[in-house]
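Okay, structure first, notes after.
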Amino acid sequence: MSLMSNLSTSMISSSSSAFLAPTSFNSSRSQSVSVPVKSIKICKCVATPQEQQQTAYKTKVSRNSNIAKLQAGYLFPEVARRRAAHLLKYPNAQVISLGIGDTTEPIPDVITSAMAKRSQALSTLEGYSGYGAEQGEKALRVALASTFYSNLGIEEDDIFVSDGAKCDISRLQVVFGSNVTMAVQDPSYPAYVDSSVIMGQTGQFQKDVEKYANIEYMRCTPENGFFPNLSTVAKTDIIFFCSPNNPTGAAATREQLTRLVQFAKDNGSIIVYDSAYAIYMSDDNPRSIFEIPGAKEVAIETASFSKYAGFTGVRLGWTIVPKQLLFSDGFPVAKDFNRIVCTCFNGASNIAQAGGLACLSPEGLEAMQEVIGFYKENTKIIVETFNSLGFKVYGGKNAPYVWVHFPGRNSWDVFSEILEKTHIVTTPGSGFGPGGEGFIRVSAFGHRENVLEACRRFKQLYN
Amino acid sequence: MYKLLACCSMASGISLQPKMVQASLGVQKQGNGHCTNVPRNVNLEKLQNNYLFPEISKRELQHLDKYPSAKVISLGIGDTTEPIPEKISLSMANYAHALSTAEGYRGYGAEQGNQVLRKAIAETFYKNVLIRDQEVFVSDGSQCDISRLQLLLGSKVTIAVQDPSFPAYIDSSVIIGQAGDFQDKTGKYQNIVYMQCGPENNFFPDLTTTPRTDIIFFCSPNNPTGHAATRKQLQQLVEFARDNGSIIIFDSAYAAYITDDSPKSIFEIPGAKEVAIEISSFSKFAGFTGVRLGWTVVPEELLFSSGFPVINDFNRIVCTCFNGASNIAQAGGLACLSSEGFQRNRTTECLLENSQAICSVIDYYKENTKILVNTFASLGLKAYGGVNAPYVWVHFPGLKSWNVFAEILEKTHIITVPGSGFGPGGAEYIRVSAFGQRERIMEASWRLEKLISNEKALFNSVENKE
């Protein structure tokens with residue numbers, strides 16, 4: 001049945017890793033993905049209604065019109081689908097993934113040992129623990145506060161441990177509800193816009209401008225130093241701001257963030273500040289929005305262990321909601337966030353939290369910095385490559401992403417061309433919003449030899 | 001212009017009922033504190049109290065403050081207590097160690113879950129009902145899945161819940177905007193259909209008087225009543241859903257505790273695949289309450305009114321609002337199910353033929369439950385459940401459940417859960433959970449026997465009608 005094959009192809013996971021059996025470890029990085037043979041066509045966007053046979057039973061439940069507004073599948077599974085389709089076409093190709101920002105280097109021993117220890121303790125009477133606090137284990141919250149926010153007046157009970165920033169973004173949307181307006185940078189990490197659409201905050205997608213109605217897109221380009229011209233930005237309830245930025249790699253300066261905080265204060269807005277890449281900052285820019293005076297009354301900050309500790313699969317992050325952040329009626333936002341966390345969530349995995357705590361030990365921090373240094377070196381190599389080829393290159397200094405300009409070109413076309421001619425997966429800029437058109441995001445996660453090989457191929461293609 | 005909002009107008013007037021607590025966050029701004037202009041989500045304003053279980057925890061802490069040397073026994077929150085079998089935790093430890101190696105490192109996993117695990121779940125629990133692995137979505141637990149399902153369904157659907165029921169169904173419904181205001185008189189939110197389940201109707205709602213809703217939440221074996229719906233009852237439910245074009249969300253978190261031949265999955269009922277979603281969890285059968293692992297089954301046959309497959313939208317939610325369960329937890333899940341060949345077993349034997357260690361833990365909790373059931377029976381109290389679930393649902397006719405909860409706590413240092421926390425249908429009941437170490441269960445039984453037989457007068461009072 002055609003429906004089934006469409007569904008099968010649409011179910012291709014974004015990761016091709018085979019699961020570990022206890023005795024064998026499969027490295028599937030360069031292996032072919034096994035996909036259903038039935039249909040090689042690239043999956044239609046999942047939002048397209050499927051034709052149904054007339055005899056198929058239908059419930060009387062209406063589809064959520066908000067989800068129907070979404071234009072295509074989430075960006076990264078789409079990139080994964082293209083990669084899988086490419087492998088079908090060229091089963092022997094040595095595909096190199098510089099697309100999805102997935103960490104590749106092993107997690108330092110000091111961290112995994114702590115997780116192994118916690119796992120085994122769960123088999124003992126003294127070490128077994130059941131439900132943890134939904135807000136996270138106290139020791140971890142304390143460690144986060146003292147490691148990243150000491151002297152900023154952020155306390156451990158302002159911190160909520162989670163299973164990652166992507167999940168937190170949606171939980172924040174649930175807190176805010178459908179009756180708020182939001183602004184995003186353009187381009188931006190797609191989860192902000194997509195979760196907003198799902199939540200019902202937006203109007204329909206407008207194909208001519210490639211934007212959803214009712215979202216304020218704050219254009220960030222080389223011309224404005226990747227910081228929006230706030231004097232032209234409409235007032236919204238919520239402002240999503242990511243720095244260092246995914247995908248552009250731009251890091252906002254203290255001066256810029258001070259203006260942003262003032263803007264939020266003047267407008268009575270709440271900034272949701274995504275600091276997932278803060279540890280990649282090389283310059284002297286703020287790593288936390290709370291370094292800006294007054295930010296506690298206008299901002300929430302989300303962060304993640306994903307890109308710090310290679311925890312993309314382990315799943316651990318945190319969100320800070322300061323006590324001082326109040327809704328218009330004076331009700332503390334943290335109270336509502338706490339209610340959501342207690343009702344819609346049940347805490348991050350205790351094993352992951354044990355890992356997080358080890359990350360924040362002196363040995364853990366040192367070990368993490370080493371891996372991050374490795375990725376930063378990758379980034380440098382990629383930046384140099386594109387520079388040497390005469391491209392205008394942005395980012396790469398304060399983030400593991402390189403934002404390469406292809407003036408006048410359609411980014412999905414560039415993506416396809418690169419994939420076809422070099423077997424390298426990147427991410428097309430327009431996947432991050434209309435402001436990303438004409439750009440390609442190259443992520444710097446990867447084994448060194450793969451990054452070097454990729455750069456060789458880029459040089460070959462563009463020389 | 002900061003003002004301290006009176007957080008909740010608790011009109012119930014019962015002093016022991018939980019009030020919306022003031023911000024436990026300490027600092028209150030005075031005078032020149034900045035308020036944003038962002039309006040509070042009106043749906044969150046509708047919520048009447050804190051979520052039930054943190055409220056129970058709070059009471060426990062208050063009690064410990066009062067009696068620091070009390071030996072509190074918790075038969076409240078259904079938190080597992082027995083260690084996870086070694087084979088399983090070793091798998092997780094090994095997986096964690098492997099993450100430090102080049103061959104063993106894994107980054108992002110599929111949002112829908114590891115393929116091998118999805119297959120194992122399909123084969124362990126759904127082999128005879130032909131649920132395919134691509135219909136299984138691995139998660140970090142049912143509480144999270146319930147909210148993701150609400151995100152999927154949106155604010156414009158109507159829901160029905162059993163009364164009493166696990167509070168997350170109602171609370172998530174209010175949060176997403178499906179419910180109207182709370183009515184103090186009835187103890188119910190408007191726009192939600194509450195399907196009364198009690199001894200008088202054998203804990204199965206009278207569907208002939210149940211209005212149509214888009215969604216029907218149904219939990220079996222039930223939390224809190226412990227009742228497992230019979231095959232006949234579930235056939236009626238599926239037929240009802242089919243006639244009304246509704247979607248059942250079937251919560252099978254306690255299926256492993258079934259001892260008779262009640263169905264363990266809604267998909268045992270013919271036609272269910274076109275009307276039902278099933279959620280389940282590793283929490284209560286593998287002790288994964290802290291590890292965090294569960295799954296949701298969305299059959300490919302389940303269609304919205306337009307013919308659009310529900311699974312497509314659920315997949316979109318999972319890819320956008322979630323990023324997969326922890327890979328270490330998933331390794332543990334796979335170890336629970338073990339790849340040596342397993343069969344779904346419909347007799348009283350354990351579901352997971354190969355995982356004897358897990359079976360022993362479940363049996364251990366089942367034995368606990370028996371002890372508690374016998375205790376209450378011997379005291380002349382009507383105790384329901386306890387046969388197919390780790391919960392005993394004890395009736396205290398004419399008494400307010402929060403008062404009984406408080407009395408038990410004060411006099412025996414035992415935490416339970418007041419029935420009205422699960423809805424107005426829980427009035428006059430106490431839920432006693434059977435997780436705990438054997439000695440503590442025995443000790444609890446002894447204390448309860450003492451209390452209830454000594455204070456027969458108090459517990460038979462008919463003056464404090466709920």
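Throughout, a chain's letter reflects where its sequence line sits, starting with A, and its residues are numbered from 1.
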Report task. Let me see the working for A:N350 and A:E137 under side-chain hydrogen bond (donor to acceptor under 3.5 Å, both in side chains), right down to the final yes or no. Result -> CA-CA 8 Å; A:N350 48 14; A:E137 294 182 351; 5.4 Å; no

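- Looking at B:A325, only its backbone comes within 4.5 Å of chain A, counting heavy atoms on both sides.
- Counting heavy-atom pairs closer than 4.5 Å to chain A, the top-ranked of the candidates B:G154, B:A335, B:C319, B:S246 is B:C319.
- Contacts between B:P39 and chain A at a heavy-atom distance below 4.5 Å involve backbone atoms as well as side-chain atoms.
- For a residue to count as touching a neighbouring chain, one of its non-hydrogen atoms must lie under 4.5 Å from one of that chain's; by this rule A:K307 touches chain B with the side chain only.
- Judged purely by distance below 3.5 Å, without hydrogens or angles, the side chains of A:S162 and A:D168 pair a donor atom with an acceptor atom.
- At distances below 3.5 Å, at least one donor-acceptor pair connects side-chain atoms of B:T101 with backbone N or O atoms of B:A98.
- Across every non-hydrogen atom of A:A334 and A:P322, the tightest pair is CB-O, 4.4 Å.
- Of the residues considered (B:R242, B:H97, B:R212, B:Q150), B:R242 shows the highest number of contacts with chain A, using heavy-atom pairs under 4.5 Å.
- At a cut-off of 3.5 Å, with distance as the only test, a side-chain donor of A:T181 or A:D237 sits close to an acceptor on the other residue.
- With a 4.5 angstrom heavy-atom cutoff, B:R148 does not touch chain A via any of its atoms.
- For chain A, the option among B:D214, B:I77, B:D79 with the highest count of heavy-atom pairs below 4.5 Å is B:D79.
- Only the side chain of A:Y128 comes within contact range of chain B, with at least one heavy atom under 4.5 Å from a heavy atom of that chain.
- If you measure heavy-atom distances from B:S57 to chain A, you find no contacts under 4.5 Å at all.
- Within the 4.5 angstrom heavy-atom criterion, only side-chain atoms of A:I238, from C-beta onward, approach chain B.
- Judged by distance alone, the side chain of A:T124 and the main-chain N or O of A:A121 form a donor-acceptor pair under 3.5 Å.
- With a 4.5 Å cut-off on non-hydrogen atoms, A:I111 does not touch chain B at all.
- The parts of A:K265 that come within reach of chain B are both its backbone and its side chain, each placing non-hydrogen atoms under 4.5 angstrom from that chain.
- Interface remark: A:N267 contributes backbone atoms only to the contact with chain B (heavy atom separation under 4.5 Å).
- Contact annotation for A:I340: only side-chain heavy atoms (C-beta onward) come within less than 4.5 Å of a heavy atom of chain B.
- With respect to chain A, the highest number of heavy-atom pairs below 4.5 Å among B:N43, B:T213, B:L151 belongs to B:L151.
- Heavy atoms closer than 4.5 Å to chain B are found in both the backbone and the side chain of A:V174.
- Residue contact with chain A, scored on non-hydrogen atoms closer than 4.5 Å, is absent for B:L52.
- For A:I169, no part lies under 4.5 angstrom from a heavy atom of chain B.
- Heavy atoms of B:S147 lying under 4.5 Å from chain A belong exclusively to its side chain.
- With hydrogens and angles ignored, the 3.5 Å screen pairs no side-chain donor or acceptor of B:E274 with any backbone N or O of B:L302.
- Relative orientation of the A:F76 and A:Y74 rings is perpendicular, given thresholds of 30° and 60° on the angle between their planes.
- Across all their heavy atoms, A:Q120 and B:L90 have their closest contact at NE2-CD1, 3.3 Å.
- Per-residue counts of heavy-atom pairs under 4.5 Å with chain A were compared for B:L152, B:N244, B:I176; the largest is that of B:L152.
- Side-chain N/O atoms of A:T103 and B:Y105 include a donor and acceptor closer than 3.5 Å.
- One finds no salt bridge joining B:R118 and B:E111 here, because no Lys/Arg side-chain nitrogen approaches an Asp/Glu carboxylate oxygen to under 4.0 Å.
- Residue A:E134 touches chain B through its side chain alone, counting heavy-atom pairs closer than 4.5 Å.
- When each of B:I146, B:V42, B:I88, B:T81 is scored by its heavy-atom pairs under 4.5 Å with chain A, the top score falls to B:T81.
- B:F308 and B:F304 have parallel rings, their planes meeting at less than 30° on a 0 to 90° scale where 60° marks the start of perpendicular.
- For B:Q437, the part lying under 4.5 angstrom from a heavy atom of chain A is the side chain only.
- In summary, the side chains of A:S349 and B:S326 do not present any donor paired with an acceptor at a separation below 3.5 Å, with no hydrogens or angles considered.
- Looking at heavy atoms from C-beta onward, B:R316 lies in side-chain contact with A:D194 at the 4.5 angstrom threshold.
- Looking at B:K284, the atoms closer than 4.5 Å to chain A (heavy atoms on both sides) all sit in the side chain, from C-beta outward.
- A donor-acceptor contact shorter than 3.5 Å links the side chain of A:K166 to the backbone of B:F322.
- In this structure, chain A has heavy atoms under 4.5 Å from both the backbone and the side chain of B:V291.
- Contacts between A:T343 and chain B at a heavy-atom distance below 4.5 Å involve backbone atoms as well as side-chain atoms.
- Across every non-hydrogen atom of B:N37 and A:S328, the tightest pair is C-CB, 3.8 Å.
- Residue A:S119 touches chain B through both its backbone and its side chain, counting heavy-atom pairs closer than 4.5 Å.
- Only the backbone of B:D243 comes within less than 4.5 Å of a heavy atom in chain A; its side chain stays farther off.
- Interface residue A:N346: backbone and side-chain heavy atoms are both found under 4.5 Å from chain B.
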